[in-house]
Structure formats: C-alpha cells, structure tokens
Q: 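Got a structure here, written out as structure tokens. Questions coming.
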Protein chains: 2
Amino acid sequence: MTETTKYTAMALIMKAMAHPTRLFILDKLNEKEHCVCELQELIGSDMSTVSRHLSVLRNAGIVDSRKHNNQVYYRLLCPCVLDVYQCMIQLRQEDKGLTK
Amino acid sequence: MTETTKYTAMALIMKAMAHPTRLFILDKLNEKEHCVCELQELIGSDMSTVSRHLSVLRNAGIVDSRKHNNQVYYRLLCPCVLDVYQCMIQLRQEDKGLTK
DNA sequence: AGACTATTTTCTTGTTTCGCCAAATAGCAA
DNA sequence: TTGCTATTTGGCGAAACAAGAAAATAGTCT
C-alpha cells in the first residue's frame, strides 16, 4: 500500500465529518456563517460539546473562524465537502430498494 | 436539531469511509472488483483485518460482494463516494498555502 | 472423508472518541 | 474593578474502534 500518507490525510478529513452533529453544522454553515451560541441553540447539546465539534472541523481545515466582539463566527471553507451529501442520499435510497 | 436520523445515516456512511485502508480499498475497487486476498496482498495487514474493513464498507452499503469458488469478490456499488477525493485534495492544497 | 485454501468471526487488548461538568479565558459594559 | 456573556479547555467515565491471533466456516480437490 503505497501513498499511505495520501489516504491518511484524506481519512483525517473524512473522520472530522463523520459525525451527525458535525454534518448538521456543515449544512448550516453552508447557508451562512454562524456563531457558537446560534449553533448550540439549534443542536441542543452542551455549548462545550458544540465548541469541541467546531474545533474538530477547524483542525481538519474544513471551517474557519473569526472573532466579533465576544462571539466566534464559523464559516465553511470548502463547500465541496457537501457534494458527498447527494451521494449519501443516493446510497440510502438504493439500500431501501434492496431485497436482501 | 431536527432530521437527526438523516444526519445519523449519513454519518454512518462517512464513518465507514473514514479510514486510510478503507479509502485505499475503495480506490482499488473503483478500477475493478477484487477478492480479499488480492487486497490483502496490496495492503499488507492481516487478512482478518482486511476482511473486517470490507465488512464495514458492505454494512454501510458502499460495496457489495459475490462468491466465486472459495473466493469473495468485492465491487464498488456507488462510485460517487469517490468524488469527495477531489475535494480532499483541494483542501490539502489550501492548507499548505495558508500563512497561519 | 481428509487436506487445503479463502474468508469470516470471536476474543482480547490498547487506543480513540464522545459528552458533560467544572474551571479557565476573553471581551464588553457598568 | 466587578459582573456578565461567549467560548474554550481539562478531566473523567462510558462507548466505539482497530488490529492481530486463533478458532470457526465454506468451498475445492484428491
């Protein structure tokens, strides 16, 4: 298995996305940037948990943040990551259609 | 956070892909179908480990398998999952170009 | 049936992830 | 300074994940 680093790097990004809450966040950030408390409101879990999720996404280079007053606004750096969503939906449909 | 199930389902698929070895496998299966021992040869880890990875991908509905003699051939069900690869590469490039 | 090959499953161990609580940090306002 | 709000970070227990060794399964061949 050559080019191991290539797949490791990709896996890091995929892993960062591989969580329901984080996929939800990316979907929201695709519309417009949001601060942590707005997302926390929408998600419903502890603010620290939401902040953790956001830092995971930032470490993966998927989102970026800026500070305005005492709020931190996050925005989507790479909207292309959402392209997978269509494929996921397609996959789910196919699964439903399977006999076995 | 409404539509939780939607994001949970997508996360299952993403999680299945979020591993270097499994990304490598998908890349290989995109060319043509392969049996477990062929993949094991390419990857180098234990055959049981490779088989496990394949079952993760199959459970997620990304690949399918058929039995020929005493070998099991896996094939990619949904090539569209590989579209993310381009975005990953793009993300990596951007990261390199960042100053901070 | 018995040997052999390919694959899957079980088990065990070590690592990572998750989510909350509590404490720390930062900025604004009085 | 003190208080208030928004956010991040450290710590901890629970759950999920990963990988190899060994045992179990299934199919082929003689």
Side-chain angles (χ1 to χ4, degrees), chain A residues 1 4-5 7-26 28-29 32-75 100, chain B residues 1 4-5 7-26 28-29 32-75 100:
Chain A
M1 180 166 158
T4 307
T5 40
Y7 294 105
T8 304
M10 291 202 298
L12 282 177
I13 301 171
M14 300 285 292
K15 208 179 292 186
M17 296 179 65
H19 190 287
T21 303
R22 296 199 284 270
L23 290 173
F24 173 80
I25 289 174
L26 292 177
K28 282 298 158 193
L29 295 184
K32 66 171 198 286
E33 67 171 15
H34 284 282
C35 68
V36 187
C37 60
E38 286 171 342
L39 293 168
Q40 194 258 326
E41 188 83 2
L42 293 166
I43 293 165
S45 37
D46 198 285
M47 164 106 63
S48 68
T49 301
V50 176
S51 176
R52 269 272 150 69
H53 283 307
L54 286 164
S55 79
V56 170
L57 292 172
R58 188 175 43 201
N59 288 337
I62 304 173
V63 306
D64 197 9
S65 63
R66 69 180 178 88
K67 200 158 202 168
H68 178 62
N69 294 334
N70 54 351
Q71 291 166 315
V72 178
Y73 283 87
Y74 283 81
R75 73 190 173 89
K100 56 171 179 182
Chain B
M1 178 168 160
T4 308
T5 40
Y7 293 104
T8 304
M10 291 201 299
L12 282 177
I13 300 171
M14 299 285 292
K15 208 179 292 188
M17 295 179 67
H19 190 289
T21 302
R22 294 199 286 266
L23 289 173
F24 173 81
I25 289 174
L26 292 177
K28 282 298 158 193
L29 294 184
K32 66 171 198 286
E33 66 172 15
H34 285 282
C35 67
V36 186
C37 61
E38 286 171 341
L39 294 168
Q40 194 258 328
E41 188 84 3
L42 292 166
I43 293 165
S45 36
D46 199 285
M47 164 107 62
S48 68
T49 302
V50 175
S51 176
R52 202 19 67 76
H53 283 308
L54 287 165
S55 79
V56 170
L57 292 172
R58 188 176 43 201
N59 288 336
I62 304 172
V63 307
D64 196 9
S65 64
R66 70 180 178 86
K67 199 158 202 167
H68 177 62
N69 293 335
N70 54 352
Q71 290 166 316
V72 178
Y73 283 88
Y74 284 82
R75 72 190 173 90
K100 56 173 177 180

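Below, chains carry the letters A, B, ... as their sequence lines are ordered, and counting in each starts from 1.
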Q: Rounded to the nearest 0.5 Å, how far apart are CE of B:Met10 and OG1 of B:Thr5?
A: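 Here the interatomic distance stands at 10.5 Å.
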Q: Measure from NE2 on B:His19 to C1' on D:dC17 and round the result to the nearest Å.
A: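 Rounded to the whole Å, the gap is 9 Å.
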Q: What is the separation between atom CZ on B:Arg52 and atom P on C:dT13, rounded to the nearest whole Å?
A: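 Rounding to the nearest Å, CZ of B:Arg52 and P of C:dT13 are 16 Å apart.
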Q: What string of B, S and - do you get for nucleotides 25-30 of chain D, 5' to 3', if B is base contact, S is sugar-phosphate-only contact and - is no contact with any protein heavy atom under 4.0 Å?
A: -SSS--
Q: Figure out the CD1/P separation between A:Ile25 and C:dC18, and round it to whole Å.
A: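 In whole Å, C:dC18 P lies 11 Å from A:Ile25 CD1.
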Q: Could you work out which one of D:dC17, D:dG10, D:dT8 sits closest to the side chain of A:Arg58?
A: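 That would be D:dT8.
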Q: Could you list the residues that satisfy ring pair (Phe, Tyr, Trp, His ring centres under 6.0 Å) with A:His34, not counting sequence neighbours?
A: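 For A:His34 there are no ring pair (Phe, Tyr, Trp, His ring centres under 6.0 Å) partners, ignoring immediate neighbours.
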Q: Report the nucleotide, chosen from D:dT8, D:dA6, C:dT7, that has the shortest atom-to-atom distance to any side-chain atom of A:Val36.
A: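 Looking only at heavy atoms from C-beta outward on A:Val36, the closest nucleotide is D:dT8.
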Q: Would you please confirm or rule out a distance under 4.0 Å between OP1 or OP2 of C:dT17 and any side-chain N or O of A:His53?
A: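 False: A:His53 side-chain N/O out of range (4.0 Å or more) of C:dT17 OP1/OP2.
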Q: Quick check: any donor-acceptor pair below 3.5 Å linking the side-chain of A:Ser48 to the base of C:dC21?
A: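 Yes, a donor-acceptor pair under 3.5 Å.
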Q: Measure the distance from CD on A:Gln40 to C1' on C:dC20 and round it to the nearest whole Å.
A: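 Result: 12 Å.
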Q: Closer to the 5' end of DNA chain D via nearest nucleotide, is it A:Ser55 or B:Arg22?
A: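 The 5'-side residue here is A:Ser55.
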Q: How many angstroms lie between atom CD of A:Glu41 and atom CE of A:Met47, to the nearest 0.5 angstrom?
A: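 If we round to the nearest 0.5 Å, A:Glu41:CD and A:Met47:CE are 9.5 Å apart.
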Q: Give a yes/no on whether any side-chain N or O of B:Tyr74 is located under 4.0 angstrom from OP1 or OP2 of C:dA6.
A: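 For C:dA6, neither OP1 nor OP2 has a side-chain N or O of B:Tyr74 closer than 4.0 Å.
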Q: Give the minimum heavy-atom separation between A:Tyr74 and A:Val36, together with the two atoms involved.
A: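 Minimum heavy-atom contact is CE1-CG2, 3.7 Å.
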Q: With distance as the sole test, does A:Asp46 use its side chain to make a donor-acceptor pair with the main-chain N or O of A:Ser48 at under 3.5 Å?
A: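 It does hold such a pair.
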Q: Hey, what's the ring geometry for B:Phe24 with A:Tyr7, parallel, tilted or perpendicular (30° and 60° as the breaks)?
A: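 The arrangement is perpendicular - the two ring planes meet at more than 60°.
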Q: So if I take the C1' atoms of five pairs at each end of the helix from C:dA1-D:dT30 to C:dA30-D:dT1 and get each local axis, what angle do the two axes make, rounded to 10 degrees?
A: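 So the angle between the two local helix axes works out to 20°.
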Q: Pick base, sugar-phosphate or nothing for A:Tyr73, based on heavy-atom distances below 4.0 Å to the nucleic acid.
A: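 Counting heavy atoms under 4.0 Å across all strands, no contact is made by A:Tyr73.
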Q: Report the distance from atom CD of A:Gln71 to atom C1' of D:dT8, rounded to the nearest whole Å.
A: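 Nearest whole value for this atom pair: 15 Å.
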Q: Please state how far atom CG in A:Leu57 lies from atom C1' in D:dT8, giving the value in whole angstrom units.
A: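 Answer to the nearest Å: 15 Å.
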Q: Checking side-chain contact (heavy atoms from CB on, under 4.5 Å) for the pair B:Met17/B:Leu23: CA distance, chi angles, key distance, verdict?
A: CA-CA 6 Å; B:Met17 295 179 67; B:Leu23 289 173; 4.3 Å; yes
Q: Whole angstroms only, please: what is the CD-P distance between A:Glu38 and D:dT5?
A: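 A:Glu38 atom CD is separated from D:dT5 atom P by 17 Å.
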Q: Take A:Ile25 and A:Ile43, measure what side-chain contact (heavy atoms from CB on, under 4.5 Å) needs, and give me the verdict at the end.
A: CA-CA 9 Å; A:Ile25 289 174; A:Ile43 293 165; 3.7 Å; yes
Q: Quick one: is B:Thr49 getting a side-chain N or O under 4.0 Å of the D:dA19 phosphate, OP1 or OP2?
A: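 False: B:Thr49 side-chain N/O out of range (4.0 Å or more) of D:dA19 OP1/OP2.
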Q: Would you find a donor on one side and an acceptor on the other, under 3.5 Å apart, between the side chain of B:Arg22 and the backbone of B:Ala16?
A: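 Yes: the side chain of B:Arg22 pairs with the backbone of B:Ala16.
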Q: Expressed as a whole number of angstroms, how long is the span from A:Ile43:CD1 to D:dT7:C1'?
A: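 About 14 Å, once rounded to whole Å.
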Q: Please determine if B:Lys28 and B:Glu38 form a salt bridge, counting it only when a charged side-chain N lies under 4.0 Å from a carboxylate O.
A: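 No, B:Lys28 and B:Glu38 are not salt-bridged.
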Q: Taking the nucleotide of DNA chain D with the closest heavy atom to each, which residue, B:Val56 or B:Asp46, is nearer the 5' end?
A: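 Mapping each residue to its closest nucleotide by heavy atoms, the 5'-most match is B:Val56.
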